[in-house]
There are 2 protein chains.
Amino acid sequence: MSLTTHCSNCSLHPLCLPLSLKTSEMDKLDAIIRRGRPIKKGELLFAQGEPFDSVFAVRTGTVKTYTLTQEGDEQITGFHLASELVGLDAYDSPVYPASARALETTNVCEIPVDRLDALSGQLPELRRQLLRLMGRELREDQQMMLLLSKKSAEERIASFLLNLAARFRRRGYSGTQFRLTMARSDIANYLGMAVETVSRVFTRFQRQGILADSSSARDIEIVDLTALTQMASLADCERLELGISA
Amino acid sequence: MSLTTHCSNCSLHPLCLPLSLKTSEMDKLDAIIRRGRPIKKGELLFAQGEPFDSVFAVRTGTVKTYTLTQEGDEQITGFHLASELVGLDAYDSPVYPASARALETTNVCEIPVDRLDALSGQLPELRRQLLRLMGRELREDQQMMLLLSKKSAEERIASFLLNLAARFRRRGYSGTQFRLTMARSDIANYLGMAVETVSRVFTRFQRQGILADSSSARDIEIVDLTALTQMASLADCERLELGISA
DNA sequence: GCGCGGCCTTGATCCATATCAATTGACCTC
DNA sequence: GAGGTCAATTGATATGGATCAAGGCCGCGC
């Protein structure tokens, strides 16, 4: 009968929160989740400084999170694909420490924290899953610091593309052909470089035959994965995370 | 009778985990904590890749955590002062994703995660405190990303000093005079710059009368806090965290 | 208290990437 | 399909900080 989405029938649930929950437990979680209307491209999911009341799971689409510097320009802290959680960093804070904006039409599941908190007292698995997710985010941040403080422009772009590729692959999409939902300026901002440099590295990769020269700038096709992987000069922990052998 | 340390008599407990636990609850936490011999300067607390079994609370001293790049050089991800937790980022991972090394003689409380996990099921306050601490760490990482991708050499050093100052102040020490326990090379590594640049910025700050020309390179005295704060060009969220008005 | 070795500072040079300035391209509206 | 707008590319130039190369200082061991 029902066409509505539930955790139990959601194709993302092996990647999202309910991982390893029993059906009855999953129903409990399902009961506290709010599913609103789709967020259109450019719309805010929440704004830095607003009272923190919910975390969000991305169901479809992409979200960028960013903080604002004193001068008012933004620092993108992450891109969030389907099945990923947004807003975990607000734990401990009365307000959201970052803003979240949809990069394309996006559907999210809203999870009120007070309810989540209460429920995680009852379900040890859920509690562990939450801590696991935060732990993973901490480790991703550390890799990002490594990237920002040690890597060259080419290494940054290569790492970025490999990271996206691995995430698409885990979701059952192609790990070699995908569409970037973010603008060059977003990539530049996220990776701590100028737009022009991002652009130049992309064309260089195309000339070197690492990427295919695609019709649109946002369509990516990785031709030489080996070369791209070498370019990235990944740390061991990064390989592990991306599922790259050696 | 007893001279041993317990959470209930530890001067750090308002800053550490047991925050807002009742005495009986604190005793439960106290029971699972292991207090080993002091770690000497240069010794490892744990090494990247070792099985993750415990988080550590610094009781006295300083610890640096760092990951290794492919080429084998280190990327410092944080400095941890008394009352701060080390190893939270290992949640979700079977092994420590980073190494931890003492920068001076250091005493720690070791908290086995399986026990902590079980206990946090019983104590909602402890559970929230854990999530809060991880949330805070996530936000600190975000500020670090901002620093690494947007700030100039001077802004980095100024931010770093103000951050340390605020943490010392919260512990009841002077926020204007303190001793750096880390080498210039550690600061450089952490802030993503060359040792030489760190050195130059320090001398520039001394010439400008922002810092006092101290006997030893590691003794810091902030003379002009206002100027240093301006130099840092902090984001609003950073001010909030450091307790700086406007 | 003397000498050794690592840590720190200082100066000179270089280079990766930012910045500035057009140009091109994609898409949208009328 | 002409014109407008915004995103992306490309080229020329500038620069902050890295790198290279000496010294100087300080703490530590003998």
Side-chain angles (χ1 to χ4, degrees), chain A residues 40-42 64 69 71 73-76 103-104 147-161 179-208 211-220 231 233, chain B residues 40-42 64 69 71 73-76 101 103-105 147-161 179-208 211-220 231 233:
Chain A
K40 281 204 280 289
K41 177 176 175 167
K64 72 170 174 185
T69 67
E71 294 79 35
D73 46 26
E74 62 186 55
Q75 166 63 36
I76 296 178
L103 290 175
E104 58 185 328
L147 179 145
L148 289 171
S149 83
K150 293 255 185 316
K151 291 191 178 181
S152 70
E154 292 192 348
E155 289 170 337
R156 288 177 201 213
I157 298 284
S159 304
F160 175 68
L161 289 176
R179 167 159 257 272
L180 298 175
T181 51
M182 64 293 286
R184 289 282 186 277
S185 56
D186 285 331
I187 300 176
N189 181 303
Y190 179 58
L191 298 178
M193 45 205 277
V195 203
E196 294 91 330
T197 310
V198 174
S199 196
R200 278 184 250 269
V201 172
F202 270 110
T203 41
R204 211 177 307 158
F205 280 178
Q206 286 175 346
R207 273 204 279 271
Q208 293 176 299
L211 296 177
D213 354 2
S214 42
S215 45
S216 155
R218 298 202 181 189
D219 285 317
I220 295 294
M231 288 258 58
S233 70
Chain B
K40 281 203 281 287
K41 177 175 178 171
K64 72 170 173 183
T69 68
E71 294 79 36
D73 46 27
E74 63 186 53
Q75 166 63 35
I76 296 177
R101 196 180 289 276
L103 291 175
E104 58 186 327
T105 305
L147 179 145
L148 289 171
S149 82
K150 293 255 184 317
K151 290 192 179 180
S152 70
E154 291 191 348
E155 287 169 338
R156 288 176 201 213
I157 298 284
S159 303
F160 175 69
L161 289 176
R179 167 159 258 271
L180 299 176
T181 51
M182 65 292 288
R184 289 283 187 277
S185 57
D186 286 331
I187 300 176
N189 182 303
Y190 179 58
L191 298 178
M193 45 204 277
V195 202
E196 294 92 328
T197 311
V198 173
S199 194
R200 277 184 252 268
V201 172
F202 270 110
T203 42
R204 211 177 308 158
F205 280 178
Q206 285 176 346
R207 272 205 280 269
Q208 292 176 299
L211 297 177
D213 352 3
S214 41
S215 46
S216 154
R218 298 199 179 190
D219 285 317
I220 294 295
M231 289 258 58
S233 70

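Residue numbers begin at 1 in each chain, while the letters A, B, ... track the order of the sequences.
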Report yes or no: do A:Ser149 and B:Gln75 form a side-chain donor-acceptor pair below 3.5 Å?
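Result is yes, a qualifying pair exists.
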Indicate yes or no for a side-chain donor-acceptor contact from A:Arg156 to the backbone of A:Lys151 under 3.5 Å, with no hydrogens or angles considered.
yes
Using a 4.0 Å heavy-atom cut-off across all strands, classify [X] as base, sugar-phosphate, or nothing.
| X | value |
| --- | --- |
| B:Ala153 | sugar-phosphate |
| A:Ala194 | base |
| A:Arg156 | nothing |
| A:Ser216 | nothing |

Let me know the distance between [atom1] of [X] and [atom2] of [N], rounded to the nearest Å.
| X | N | atom1 | atom2 | result |
| --- | --- | --- | --- | --- |
| A:Ile157 | C:dA16 | CD1 | P | 17 Å |
| B:Leu180 | C:dC8 | CG | C1' | 13 Å |
| B:Phe202 | C:dC7 | CZ | P | 16 Å |
| B:Asp213 | D:dC25 | CG | P | 14 Å |
| A:Met193 | C:dC15 | CE | C1' | 16 Å |
| B:Glu154 | D:dT15 | CD | P | 16 Å |
| B:Gln206 | C:dT9 | CD | P | 8 Å |
| A:Lys150 | D:dG17 | NZ | P | 16 Å |

Ignoring backbone atoms, test whether [X] places a side-chain nitrogen or oxygen under 4.0 Å from the OP1 or OP2 oxygen of [N].
| X | N | value |
| --- | --- | --- |
| B:Ser199 | C:dC8 | no |
| A:Thr203 | D:dT10 | yes |
| B:Arg200 | C:dT10 | no |

So, does the side chain of A:Glu196 form a donor-acceptor pair with the base of C:dC20 at under 3.5 Å?
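Present.
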Side chain proximity check, A:Leu148 to B:Leu147, heavy atoms < 4.5 angstrom:
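No, their side chains stay 4.5 Å or more apart.
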Look at the side chain of A:Arg218 and decide which nucleotide, out of C:dC8, D:dA8, C:dT17, has an atom nearest to it.
D:dA8
Using a strict threshold of under 4.0 Å (side-chain N to carboxylate O), is an ion pair present between A:Lys64 and A:Glu74?
yes
On DNA chain C, compare the nucleotides closest to B:Ala217 and A:Val198; which residue's is nearer the 5' end?
B:Ala217
Does the cation-pi check pass for A:Arg184 over A:Phe202, that is, NZ or CZ under 6.0 Å from the six-membered ring centre and within 45° of its axis?
yes
